[in-house]
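Chain A is the first sequence line, chain B the second, and so forth, proteins listed ahead of strands; every chain is numbered from 1.
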2 protein chains.
Amino acid sequence: MNGAESLVRSLSTGGVEVCFANPGTSEMQFVDALDRTRLMRCVLGLFEGVVSGAADGYARMAGKPAMTLLHLAPGLANAGANLHNAKKARSPMLNIVGNHALRHLRYDAPLTADVPATAAVFSDWVRTAQAADSIARDAIEGLAVATSHPGRIATLIAPADIGWDEGGVIARPIPPHGPRPLDPQVIRHAVAALGSGALILCGGTVLEDPASTRLLAGIAKRTGAQLMAPGSNRRIERGAGRAVIPRVPYPIDMAIERLAPFRRAILIEAQPPVAFFAYPERPSLLLPEACEVIQLAEFDQDGRAAVRALADAVGARPARMTDAPRPEKPQAGPLEDLALSAAIASALPEGAIIIDESLTSANEMERLSSGAPPHSWLSITGGAIGIGPPLSTGAAVACPDRPVVVLQADGSAMYTIQALWTQARESLNVTTIVFANKSYDLLKQELFKVGANPGPDALNMLDLRRPELDFVALARGMGVPGQRVDCAAELHRVLSAAIHEPGPFVIEAIL
Amino acid sequence: MNGAESLVRSLSTGGVEVCFANPGTSEMQFVDALDRTRLMRCVLGLFEGVVSGAADGYARMAGKPAMTLLHLAPGLANAGANLHNAKKARSPMLNIVGNHALRHLRYDAPLTADVPATAAVFSDWVRTAQAADSIARDAIEGLAVATSHPGRIATLIAPADIGWDEGGVIARPIPPHGPRPLDPQVIRHAVAALGSGALILCGGTVLEDPASTRLLAGIAKRTGAQLMAPGSNRRIERGAGRAVIPRVPYPIDMAIERLAPFRRAILIEAQPPVAFFAYPERPSLLLPEACEVIQLAEFDQDGRAAVRALADAVGARPARMTDAPRPEKPQAGPLEDLALSAAIASALPEGAIIIDESLTSANEMERLSSGAPPHSWLSITGGAIGIGPPLSTGAAVACPDRPVVVLQADGSAMYTIQALWTQARESLNVTTIVFANKSYDLLKQELFKVGANPGPDALNMLDLRRPELDFVALARGMGVPGQRVDCAAELHRVLSAAIHEPGPFVIEAIL
């Protein structure tokens, strides 16, 4: 058994079921091992950003890592933007990145570059395998890191010769670290801080657990504290019967205003809210300076236990939720924000997975979908655009029985549009709604915030209208059917049909 | 004047005329400065790999750097694969990469990541600007590094606040370093090594200069030495009236066989030939072990002067070339290698720029085009696939009066297919011939070389047939007209027409 096969067999025993891959020559022995063992589902991406984003989407929905297979430093760099998003999401992920054979590295062959340095930027753990008899052990240690609470990015660099050398040894699973214990003194401190003027900012794994968010709603009701969630989250379980937790808004002035009333902030798997970017004459931190910040649970601690501890201390019970009304489908009319959002929210069936890379469009969607049937909501976590198409691909691989609906900004879609091909290849039920405002609209807003008075060159650089992108043609080019719509009632109808049909579909929504 | 404006004005005075950009919020003050000054042509890419590859193509044809404008670590990572190719090409390039404001970095905002570490992997020079009054000087120093012989990748990290702060100071141009002097003793050594059994392996700037290559041909004629070029080169000037210099073949066994006769190798702006990848039971270095290697000119030395020195020593003159016959256009018939190559070679007008990411297709093209009218030939230099569409975009920006013809593998095309949109936007005369073999054909060949006996899963991971990519639809989606062809005579006809029409065109050649 060679090193590559020992790695695949060990990871399979450790629970890894899927490999998202864009391999090259230096990974051929892993392709061969995956082929011979047939222990994992192999999903090909035509670009590495598809691979890393899909692995993130899979991890968020499956709650466990996929393996990725990437090719040297350039392939890893291509995966980097969505590895960044996954790292900020604290998604569990294990990357296997090929490198030249150890003996070959010194000769500066064309593809030689510093793989470990590339990996370090976007990983929490990096190791280079040194021998065929230890590569499986390395991978299993990486897997344990990746799956330790709440999730980490582990990258194992696999020189080609170590993959093909004989002498591979199967490694047994290693149990991951659970959450780090809470500090009883901090819990007491947090309990004392509850009440009017207090904010409970909860993120991470808490938002994935409807029991925890209902209990949080009970705490809020009992104490007068208010609940919020960070602006971007790995996954929120929401909809009818579940607590509604507003998110910190993206626009900095709105965020500052929204957070201004708070005197005490209790953070659970969340960090102090920070502006997405710095702006002239605006603070970086968004809470009022005088606000006391209590870090009840760091990211690697047990946020759900923290919620239970608070509830026990104040005698709170899970709140019975009064649901927002079920969204109504819109009349015929142009795709303005409210009608657009209503068209989508009213089409959501139970169990839908929403992938949100909407940026400046469909701003009413979050509010209108609060009363929709229970669903999952996955955001872009690290701000690296181009996550929607891959994230949805991976989520659909993890949950083949749940429809995936992507709220997709058009400019962002173009970074990883290749994911559509994988969706067609794997017959994934992903419906992507491209919000065709035909510009980097977010950047136009940002341009004004830095004090610019933009002229034609600046606006031209943020404009996607010349030539117009045709997402239906792009989708067809990758084997995905699509349709262009410009009416809210038609969007509702086409989306409803696409959700109930198997396989992918692209809707270009002309705004 | 703020820092951003001082940078733009200084670089413009330093000779930078074009900015390839995919900016984000942290670069808005640079967009604003480019807009207000109108000193540079701004070319937008919809993905950062387009930006870096286009800057490489521009540099190779213009002989000077463009500026790129990239967004934080994820944007820089997206640019990484083609920065890698540019670094291996020793193309001059100056990247301006935004970062968070210095005061904002400590708060771990979503887009925070290690920009300098990301830059270091794919750059020869990295600096982070520290103040508005020195950022222009930093950029000018980076420009001097980038333009020093033969070319380097310089990356300046620009924190947002330093761009928008007032107090920018214009910096004057700094002359770049010329080539490092040759060692007279090494020249004598090389002269003594000439004769039968000697190889002159010449790369870099030598291949860009027809006078040098004709002189090399004269040296070969006079001494019995043989000429070769590395497998991948930044740019070769070739065609009728120019010396024919065969390249070291990619397949390792063929390369070893081809190099076996040599007893002495004189290297001019080239390194000892190395296998692209390591393989089991194959050497890394391709010259025979007993072959003496004389490094006459390193990459940073003057290869053209080295050629003149050899010629002077042996009394050689530029050879009068006996041109290969002008390629003839093919009969109607399937797109087999010979007919495919003939269809393209016979359509090339004088001054064409060939972008070669053909990989496993059109293997006869190099031979058949030797007698075509004089043209430039640009290769993928670092092995990071996905260079063809962007490289051609930049080359066309540099040379608006010369037609660009791209020999494009289908799998590779998909990494940076977004470049087509920029070609349409800028009305660039780029004709892309996609060789649709519908697989990662190169990898299939590589799979066998590592000793695999591939089964269905392995072959499936290298297959692009399910679903079939439709490059004509993809092109149309980005505003580029296209046509599918499956006959050699038709390819010749469609290609000839596309070359003579302005604007981009995509030909999907069904192999």
Side-chain angles (χ1 to χ4, degrees), chain A residues 21 25-26 28-29 31-32 34-35 38 42 44 46-47 73-74 77-78 80-81 84 88 100-101 103-104 107 109-111 113-114 117-118 121 160 164 232 271 274 276-278 280 284 382-384 414-415 418 424-425 446-447 450 452 454-455 457-458 461 466-467 470 473-474 476-477 479, chain B residues 21 25-26 28-29 31-32 34-35 38 42 44 46-47 73-74 77-78 80-81 84 88 100-101 103-104 107-111 113-114 117-118 121 160 164 232 274 276-278 280 284 382-384 414-415 418 424-425 446-447 450 452 454-455 457-458 461 466-467 470 473-474 476-477 479:
Chain A
T25 297
S26 45
M28 281 304 106
Q29 41 288 346
V31 170
D32 181 51
L34 288 161
D35 174 56
R38 309 201 75 162
C42 297
L44 181 60
L46 295 187
F47 169 68
N78 276 339
H84 171 83
K88 296 290 179 175
H100 284 313
R103 65 165 162 88
H104 197 63
Y107 298 113
L111 269 162
D114 191 339
T118 313
V121 176
W164 72 55
S232 298
Q271 62 192 22
V274 57
F276 214 91
F277 294 101
S284 288
M414 287 304 293
Y415 289 71
Q418 304 92 336
R425 183 175 178 90
E446 299 287 351
L447 194 57
V450 299
D457 274 21
M461 275 175 88
R466 194 170 51 81
D470 177 344
L474 288 168
R476 187 164 56 250
Chain B
T25 297
S26 46
M28 280 304 105
Q29 41 287 346
V31 170
D32 181 50
L34 288 161
D35 174 56
R38 310 200 74 162
C42 297
L44 181 61
L46 295 186
F47 169 68
N78 276 339
H84 171 83
K88 296 290 179 175
H100 284 312
R103 66 166 161 89
H104 197 65
Y107 298 113
D108 193 29
L111 269 163
D114 191 339
T118 313
V121 176
W164 74 54
S232 298
V274 57
F276 214 91
F277 293 101
S284 288
M414 288 303 293
Y415 289 72
Q418 303 94 335
R425 184 176 177 90
E446 298 288 351
L447 194 57
V450 299
D457 274 22
M461 275 175 88
R466 194 170 51 80
D470 176 344
L474 288 168
R476 187 164 56 250

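Between atom NE2 of residue A:H104 and atom CZ of residue B:F276 there is a gap of 9.0 Å, rounded to the nearest 0.5 Å.
What you find for A:A473 and B:R476 is that their closest heavy atoms are CB-C, 4.4 Å. Residue A:Q418 comes nearest to B:M414 through the heavy atom pair NE2-O, 2.7 Å, listed as atom of the first residue, atom of the second, then distance. Minimum heavy-atom separation, A:F277 to B:L111: CZ-CD1, 3.5 Å. Nearest heavy-atom pair, B:W164 versus A:A278, reported as atom, atom and distance to 0.1 Å: CH2-O, 3.5 Å. Nearest heavy atoms, A:G477 versus B:L474: CA-CG, 3.9 Å. Across A:V274 and B:A109, no two heavy atoms sit closer than the pair CG1-CA, 3.7 Å.
Of the possible donor and acceptor atoms, one in the side chain of B:D35 sits under 3.5 Å from a partner among the backbone N and O of A:G455. Side chain of A:H84 to main chain of B:P110: a donor-acceptor pair is present (N/O by atom type, distance under 3.5 Å, no hydrogens or angles). With hydrogens and angles disregarded, a donor-acceptor distance shorter than 3.5 Å links the side chain of A:Q271 to the backbone of B:D108.
A:S232 does not touch chain B: none of its heavy atoms, backbone or side chain, sits under 4.5 Å away. For A:A160, no part lies near chain B; criterion is any non-hydrogen pair under 4.5 Å.
With chain A as partner, the option from B:A384, B:G382, B:G479 having the largest number of non-hydrogen pairs under 4.5 angstrom is B:G382. Options A:D32, A:L46, A:V121 differ in how many heavy-atom pairs under 4.5 Å they form with chain B, and the most are formed by A:L46. When the candidates A:P74, A:A21, A:P467, A:A77 are compared by the number of heavy-atom contacts under 4.5 Å with chain B, A:P467 comes out ahead. Between chain A and the residues B:V31, B:L34, B:D114, the largest count of heavy-atom pairs under 4.5 Å involves B:V31. Comparing B:G80, B:C42, B:P280, B:A424 by how many heavy-atom pairs each has under 4.5 Å with chain A, the most go to B:P280. Across A:K88, A:R425, A:E446, A:R38, the residue that shares the most heavy-atom pairs under 4.5 angstrom with chain B is A:R425.
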